[in-house]
Amino acid sequence: MWHQERYQRICTLLDTFQRLSTERLASELGVSRETVRRDLLYLERRGELRRIHGGAMTTRRQEPPIDVRAKTRIEEKRTIAKLTRSEISSGQTLFIDAGSTTTLLAEELSTLEGLIVVTNSIAVALKLAPSPREAHSTSSNRVVLLGGDVNSALQATFGAKTIGEIHRYRADLALLSPVGIDAAHGATSYDHDEAEIAAAMASCASRVALLADHSKIGQASRLSYCSASRIDLLVSDRAIDDPALLAALARGGRVLHPGS
């Protein structure tokens, strides 16, 4: 097993069991306890876990499923969706990742015409797909749902096939919803699959927009996928009072919030 595979497996096991002994990890991975100790040292330096006597424990709280997230901070997310809608024009090609905020954004974008939307989110695709009556209209939106494995908790596709398909496109704007965003780590996610999708979308877009309510500002999750200096637009429901983050944003990057 390659070291990157071990790192991911260790994190997955700790997500499930919260804490495990070095001996148990060595048995699960089929490697020596000394190898596990080295891996734990490396992962602790990255902030992925905390070593304890005889083993390790997780330091991150897993995000709830998307159907649970969809019921929290609804008004804040709707405010963000409406603000973001004002930045998008008909005819643009957009990447949209899976998230409760981007699902609300899809509702707002349904009033536009001529968009090409490339997404791994089943909910986003369904909200933006033209009706049968509009399917052959030249002004209707075109929606591409990326293939791949299906994550039922996220209601989205993921994996190598999804990443490969993303790299076939060049988008005007990637619209991403992070778990947290701060100056040091940029946009972060808890889930490896979500982070890989968002990173691929960011790399294949001319501009990157982050949609983050106030609870995510100044926060970091365990996987960084886009540095603050790569972010062109940050949309939030409140003014951002984080000088370090504001300074770290891309030169010319904008912050959009009510009243801005």
Side-chain angles (χ1 to χ4, degrees), residues 77-148 155-158 162-178 181 186-187 189 194 196-213 225-237 249-258 260:
K77 293 172 183 178
R78 202 173 295 281
T79 295
I80 291 169
K82 290 180 182 295
L83 287 170
T84 306
R85 158 68 175 79
S86 68
E87 295 292 309
I88 296 168
S89 305
S90 296
Q92 288 186 310
T93 298
L94 309 174
F95 284 132
I96 303 180
D97 72 354
S100 54
T101 306
T102 50
T103 300
L104 290 173
L105 173 63
E107 294 179 5
E108 296 294 328
L109 295 183
S110 63
T111 61
L112 290 174
E113 296 180 338
L115 294 174
I116 299 175
V117 176
V118 182
T119 183
N120 70 316
S121 168
I122 296 169
V124 167
L126 290 174
K127 288 182 182 297
L128 282 170
S131 67
R133 180 171 53 85
E134 302 169 324
H136 300 292
S137 170
T138 56
S139 63
S140 64
N141 295 319
R142 179 187 171 203
V143 180
V144 178
L145 177 60
L146 297 161
Q155 299 174 23
T157 56
F158 71 97
T162 315
I163 301 296
E165 288 193 12
I166 289 170
H167 283 282
R168 294 172 51 204
Y169 295 91
R170 294 299 305 175
D172 297 300
L173 183 63
L175 296 149
L176 311 173
S177 179
I181 175 171
S189 178
E194 290 184 65
E196 287 182 345
I197 295 294
M201 289 181 172
S203 70
C204 295
S206 298
R207 299 174 66 241
V208 176
L210 270 292
L211 284 56
D213 70 65
Y225 63 78
C226 180
S227 67
S229 63
R230 178 71 178 87
I231 298 167
D232 300 286
L233 178 65
L234 174 57
V235 189
S236 192
D237 61 300
L249 293 177
R251 181 176 297 177
R254 295 172 51 221
V255 176
L256 187 61
H257 59 80
S260 61

Could you tell me which non-hydrogen atom of [X] sits nearest to which non-hydrogen atom of [Y], and how far apart they are?
{"X": "Ser206", "Y": "Arg230", "answer": "O-NH1, 4.1 Å"}
{"X": "Ser110", "Y": "Leu128", "answer": "N-CD2, 3.6 Å"}
{"X": "Ala156", "Y": "Ile122", "answer": "N-CD1, 4.2 Å"}
{"X": "Ala200", "Y": "Ile163", "answer": "CB-CD1, 4.1 Å"}
{"X": "Thr162", "Y": "Gly148", "answer": "OG1-CA, 3.5 Å"}
{"X": "Leu175", "Y": "Leu105", "answer": "CD1-CD2, 3.9 Å"}

Find the distance between [atom1] ([X]) and [atom2] ([Y]) and round it off to the nearest 0.5 Å.
{"X": "Leu249", "Y": "Ile181", "atom1": "CG", "atom2": "CD1", "value": "6.5 Å"}
{"X": "Asp213", "Y": "Arg78", "atom1": "CG", "atom2": "CZ", "value": "14.0 Å"}
{"X": "Ser177", "Y": "Leu211", "atom1": "OG", "atom2": "CG", "value": "6.5 Å"}
{"X": "Leu173", "Y": "Met201", "atom1": "CG", "atom2": "CE", "value": "11.5 Å"}
{"X": "Ser236", "Y": "His257", "atom1": "OG", "atom2": "NE2", "value": "8.5 Å"}
{"X": "Ile80", "Y": "Asp237", "atom1": "CD1", "atom2": "CG", "value": "5.0 Å"}

For residues [X] and [Y], determine if any side-chain heavy atom of one lies less than 4.5 Å from a side-chain heavy atom of the other.
{"X": "Tyr169", "Y": "Ile116", "result": "no"}
{"X": "Ser189", "Y": "Glu196", "result": "no"}
{"X": "Leu112", "Y": "Arg85", "result": "yes"}
{"X": "Pro258", "Y": "Leu83", "result": "yes"}

Kindly say whether [Y] contributes a backbone atom to a donor-acceptor pair with the side chain of [X] at under 3.5 angstrom?
{"X": "Asn141", "Y": "Leu115", "answer": "yes"}
{"X": "Asp232", "Y": "Val208", "answer": "yes"}
{"X": "Ser227", "Y": "Gly186", "answer": "no"}
{"X": "Thr157", "Y": "Leu146", "answer": "yes"}
{"X": "Glu108", "Y": "Thr84", "answer": "no"}

Do other residues, nucleotides or ligands put more than 12 heavy atoms under 6.0 Å from the CZ atom of Arg142? no
Under-4.0 Å salt bridge between Arg170 and Asp172: no
Trace of the side chain to side chain contact (heavy atoms under 4.5 Å, CB included) decision for His167 with Ser203: CA-CA 9 Å; His167 283 282; Ser203 70; 3.7 Å; yes
Flag for Thr119-Ser121: side-chain donor and acceptor within less than 3.5 Å: no
